[in-house]
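The figures here come from the full heavy-atom set of this structure, side chains too, leaving out hydrogens, waters and symmetry mates. Per chain, numbering begins at 1; letters A, B, ... match sequence-line order.
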Protein chains: 2
Amino acid sequence: MTGKATRERIIEAADRLFYQQGYEQTSFADVAAAVGITRGNFYHHFKAKDEILDAVIQLRLDATAGMLARWEVAGGHPEGRLLCFVGILVANRAKIMAHGCPVGTLSTELSKLEHRSREDANKIFLLFRTWLRRQFELLGRPDDADDLAMHLLARSQGVATLANAFHDEGFIQKEVDAMRDWIKGVRTCLS
Amino acid sequence: MTGKATRERIIEAADRLFYQQGYEQTSFADVAAAVGITRGNFYHHFKAKDEILDAVIQLRLDATAGMLARWEVAGGHPEGRLLCFVGILVANRAKIMAHGCPVGTLSTELSKLEHRSREDANKIFLLFRTWLRRQFELLGRPDDADDLAMHLLARSQGVATLANAFHDEGFIQKEVDAMRDWIKGVRTCLS
DNA sequence: GTCTATAGCGAGATAGAC
DNA sequence: GTCTATCTCGCTATAGAC
């Protein structure tokens, strides 16, 4: 096992545990146990806990950028791409009901901690916002594309928060259906 | 200063700090310093940290029930009451941008901690849900009143999460305006 | 009812052997 | 690159004086 592989395994385990338990609640011992190394070995790969968080955020930024690039192709046209976006709520419904949205919950937690990586975590939100805005621009809504992007992002966040609180799968489906109808309506009716 | 007053001051300080910093991140020392007592004196009023959380949740349940009862009168009719509900996003916009929604962020945090009081915290959500559902029923939508209540609750949560992430006051106002339009549309168009 | 003092634990972090 | 051993700190919680 090379050092690089161990580092990546640490980041992946931390990524999962930060999502499931939260950043502050996840200890070095938790991550070490998940990876199968001792706590002491940790500091050969990371100087401090903050650095693991930064690596996890970078991993999520890369993963998000890759996913958006794939939707760019798979969605075909702007409306299809927007449907890809709302589709993640259904595809990830089990995880969302158990742990909420990984983007929103990390952003909220780091905000309360006043953590220095707070703004970096928000960049994940910004990736979605910019990508969604672009799709609405292509859909013929250049003037309020950003408002529409924020609206759709907000509705997705709200669905994740309440689905987590009430553990209601039917609620997710109903809201996703409503968002799909709304997306179809954006194209047909001008601002 | 009687014991009862000190206990109430502890609960009020904890309520504020749990909102601003999160439950897990708030230590006894933080609350004690805010109240102006020593840590040791704490255990005369509460046996454990969990008990303060329970007291804070009860305080918020009572405060929410009281607020909903006041809206029942101040709003006049169901539509006016729903407008009272979305109005809190504007009225509390500064706090929401700084710390998110007190209901949603506590619910999310306790979910990640798998805390035993998780369900009690969700009762605050349930108060809003039940109250909103009743207003939609009175508005002539008995069949989908709960769906409409969850929809409005979700949109509010999403607005709070994104307003906190992006610190965008204009976004809150735009979304609240959109929710007001949506509320007006609910009455005029049947399901 | 409030205080000081301290126990006990787990956290992040470091040193150094192998 | 991985380990064991250890340090220091802050936290929850307890004991007991006043």
Side-chain angles (χ1 to χ4, degrees), chain A residues 1-58 106 109-110 112-118 120-121, chain B residues 1-58 106 109-110 112-118 120-121:
Chain A
M1 201 66 68
T2 73
K4 190 183 177 188
T6 299
R7 185 187 158 89
E8 285 175 0
R9 281 165 58 216
I10 291 173
I11 296 171
E12 285 165 12
D15 177 40
R16 180 170 48 81
L17 290 170
F18 289 176
Y19 176 40
Q20 294 172 348
Q21 310 180 350
Y23 167 69
E24 190 68 17
Q25 187 65 12
T26 302
S27 68
F28 275 27
D30 292 333
V31 181
V35 175
I37 60 173
T38 59
R39 277 173 299 157
N41 188 16
F42 232 106
Y43 293 85
H44 178 74
H45 302 281
F46 297 94
K47 285 179 197 159
K49 192 181 178 186
D50 286 358
E51 289 192 9
I52 306 178
L53 176 60
D54 289 339
V56 167
I57 290 173
Q58 191 57 53
L106 182 64
E109 181 180 2
L110 297 186
K112 298 237 185 211
L113 297 180
E114 295 194 53
H115 197 283
R116 62 164 184 79
S117 296
R118 181 183 186 286
D120 287 325
Chain B
M1 201 67 65
T2 74
K4 190 183 176 188
T6 299
R7 184 187 158 90
E8 284 174 0
R9 281 164 59 216
I10 290 173
I11 296 171
E12 285 166 11
D15 176 40
R16 181 169 47 81
L17 289 170
F18 289 176
Y19 176 39
Q20 294 172 346
Q21 310 179 351
Y23 167 69
E24 190 69 19
Q25 187 64 13
T26 302
S27 68
F28 276 25
D30 293 333
V31 181
V35 175
I37 60 172
T38 59
R39 280 172 298 159
N41 187 15
F42 233 106
Y43 293 85
H44 178 73
H45 302 280
F46 296 95
K47 285 178 197 158
K49 192 181 178 185
D50 287 358
E51 289 193 9
I52 305 178
L53 176 61
D54 289 339
V56 167
I57 290 172
Q58 191 57 52
L106 182 65
E109 180 179 1
L110 296 186
K112 299 238 183 211
L113 298 180
E114 296 193 52
H115 197 283
R116 64 163 183 79
S117 296
R118 181 183 187 285
D120 288 325

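- Listed pair Thr38(A) / dT2(D) fails the phosphate criterion, with no side-chain N or O lying under 4.0 Å from OP1 or OP2.
- Within the 4.0 Å cut-off from OP1 or OP2 of dG1(D), not a single side-chain nitrogen or oxygen of Thr6(A) is found.
- The backbone N or O of Tyr23(B) sits nowhere less than 3.5 Å from a side-chain atom of Lys112(A) that would complete a donor-acceptor pair.
- Applying the 6.0 Å contact sphere to CZ of Arg39(A) captures no more than 12 heavy atoms from other residues, nucleotides or ligands.
- In this structure, the ring of Phe46(A) has its center no less than 6.0 angstrom from the ring center of Phe28(A).
- Between His44(B) and dT2(C) there is no side-chain N or O to OP1 or OP2 distance below 4.0 Å.
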Inset, instruction - Determine, for nucleotides 10-17 of chain D in 5'-to-3' order, which nucleotides have protein heavy atoms under 4.0 Å from the base (write B), from only the sugar-phosphate (write S), or from neither (write -). - result: -SBBB---
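- In terms of the side-chain hydrogen bond (donor to acceptor under 3.5 Å, both in side chains) criterion, Gln20(B) has no residue partners (sequence neighbours excluded).
- Regarding Gln21(A), its CD atom lies at a distance of 15 Å from the P atom of dG10(C), rounded to whole Å.
- Regarding Ile37(A), its CD1 atom lies at a distance of 21 Å from the P atom of dC18(C), rounded to whole Å.
- Rounding to whole angstrom units, CZ of residue Phe46(A) and P of dT2(D) are separated by 12 Å.
- In this structure, His45(B) atom NE2 and dG1(C) atom P are separated by 7 Å, rounded to whole Å.
- Interatomic distance, His115(B) NE2 to Asp50(B) CG, rounded to the nearest 0.5 Å: 4.0 Å.
- Between the side chains of Asn41(B) and Thr38(B), not a single donor N or O lies within less than 3.5 Å of an accepting N or O.
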